[in-house]
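Have a look at the structure below, then the notes.
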Amino acid sequence: MTVPFLSFAPQHEPIREEVMAALGQVYDAQWYVLGQHVRDFEAAYSTFSGSRYSIGVANGLDALHLSLVALGIGPGDEVIVPSNTYIATWLAISYVGATPVPVEPDPATYNIDPGRIEAAITPRTKAIMPVHLYGQACEMTAIMEIAGRHNLFVVEDNAQSQGATADGGVTGSFGHANGTSFYPGKNLGALGDAGAVTTNDEALAKKIQTLRNYGSQQKYYNEVIGYNSRLDELHAAVLQVKLQYLPEWTRQRQQVARWYDEHLQGIGDLQLPVTVEGSTHVYHLYVVRTTQRDALQQHLTSAGIGTLIHYPVPPHMQQAYAHMGIMKGAYPIAEDLANTSLSLPMWPGMTEEHVAAVVKGMQTYFR
Ligand SMILES: *Cc1c(COP(=O)(O)O)cnc(C)c1O
């Protein structure tokens, strides 16, 4: 049995009629940008994410960028960011002219280690950007406490963890302004690029609504130099349909993870994902670690099992950040994760048979 890394079919086929009807409504309404579907989806997503406001934008990177702009972060400022995130988190900081200051993750949870944050704070530090990586909520109680003590903003990168919780609070509801992504492969995915900012702060919500729409609240009157970063009606209508199914899809991801946990225990030198006490995991990805990562990946590929590496090169080692002059070895945990991590197939609708095929591929390699 072959197992693709990701298949949308079990999510999309059962709701085909409902999604097509939603697309048809947008087509017939003849209103395509910032209309009723965006407003309805924003209200529904606010409720889902335990935030008073949600502002639909063009993608997840813009959600993070506009959050930093709205908070007034700019040149000369430093922003604390995980050393092992997807590069988008760093790019948002670079866009406003601020400097990313990497902090290493806990190698067991893959999330920023709260115990290492304070050592990276300087008089220039303005914000912390925790990333709920792979679907697991960061230790937000500890992070918010540090931010409060040092008077720093918090901008959560919630692109991978819609619906995860930390000490009972939903990701995207802790920080001052938080970004999420509805890129198709995310846990809640549009049929193209889309994203949202969530916040509990009315003034920030207003600023972001203005920034995403040319710096304008009233058509043809521009208050600030804004951007064109709007959520399309088409995407909002689809997201509105899909959001209803997200809790069920999350339960299915968690079931797949339990099967993996059970059957991969003790194979070779495999290290399985660890969920920290108080946090929940919505398994955007199921990431294992092994020193034989590359050979294992090849073996699985030839057995018809799709895998990916998230991520092969940490941001500080990317050519794009060569100007920062960070030496190889400066962030050894991130570098080690990049060399040893492997993401196994993980999607709602995966069956026990799919999981068994992946497990068999792992067993035959390590035997
Ligand atoms: C996907 C992702 C983003 C960016 O989202 P886009 O919608 O692709 O712009 C940001 N941060 C993380 C951690 C992501 O996984």
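Read the numbers this way: they start at 1 and go in the same order the structure lists the ligands and their atoms. Numbering starts at 1 and runs along the sequence shown.
- Of the protein's heavy atoms, Leu61 N, 2.9 Å lies nearest to atom 9 (O) of ligand 1.
- At a 4.0 Å heavy-atom cut-off, ligand 1 touches Val131 through the side chain alone.
- Of the possible donor and acceptor atoms, none in the side chain of Glu42 sits under 3.5 Å from a partner among the backbone N and O of Tyr53.
- Protein heavy atom in closest approach to atom 10 (C) of ligand 1: Ala88 CB, 3.4 Å.
- How far CE of Met140 is from NE2 of His132: 5.0 Å, rounded to the nearest 0.5 Å.
- To the nearest 0.5 Å, the span separating CD1 on Ile143 from CD1 on Ile112 amounts to 6.0 Å.
- Polar contact check, Thr85 against ligand 1: no nitrogen or oxygen pair lies under 3.5 Å apart.
- From the protein, the heavy atom lying nearest to atom 15 (O) of ligand 1 is Gln160 NE2, 2.8 Å.
- Interface atoms of ligand 1 facing Gly60, defined by a heavy-atom separation under 4.0 Å, are 5 (O), 6 (P), 7 (O), 9 (O).
- Within ligand 1, counting atoms from 1 as listed, the ones closer than 4.0 Å to a heavy atom of Ala159 are 2 (C), 3 (C), 10 (C), 11 (N), 12 (C), 14 (C), 15 (O).
- Note on Tyr27: it does not cluster hydrophobically with Val33, by side-chain heavy-atom contacts below 4.5 Å among ILVMFWY residues.
- Closest heavy-atom approach to atom 5 (O) of ligand 1 among the candidates Ala196, Gly195, Ser181, Ser161: Ser181.
- Residue contacts with ligand 1, taken as heavy atom pairs separated by less than 4.0 Å, involve Asp157 solely via side-chain atoms from C-beta onward.
- The protein atom (non-hydrogen) at minimum distance from atom 14 (C) of ligand 1 is Lys186 NZ, 3.2 Å.
- Aromatic ring pairs are classed by plane angle as parallel below 30°, tilted from 30° to 60° and perpendicular above 60°; the pair His12 and Phe8 is parallel.
- Each of Tyr134, Tyr86, Tyr311 was checked for a ring pair (Phe, Tyr, Trp, His ring centres under 6.0 Å) with Tyr110, and the lone residue meeting it is Tyr134.
- The distance from atom CZ of Arg253 to atom CH2 of Trp347, rounded to the nearest 0.5 Å, is 11.0 Å.
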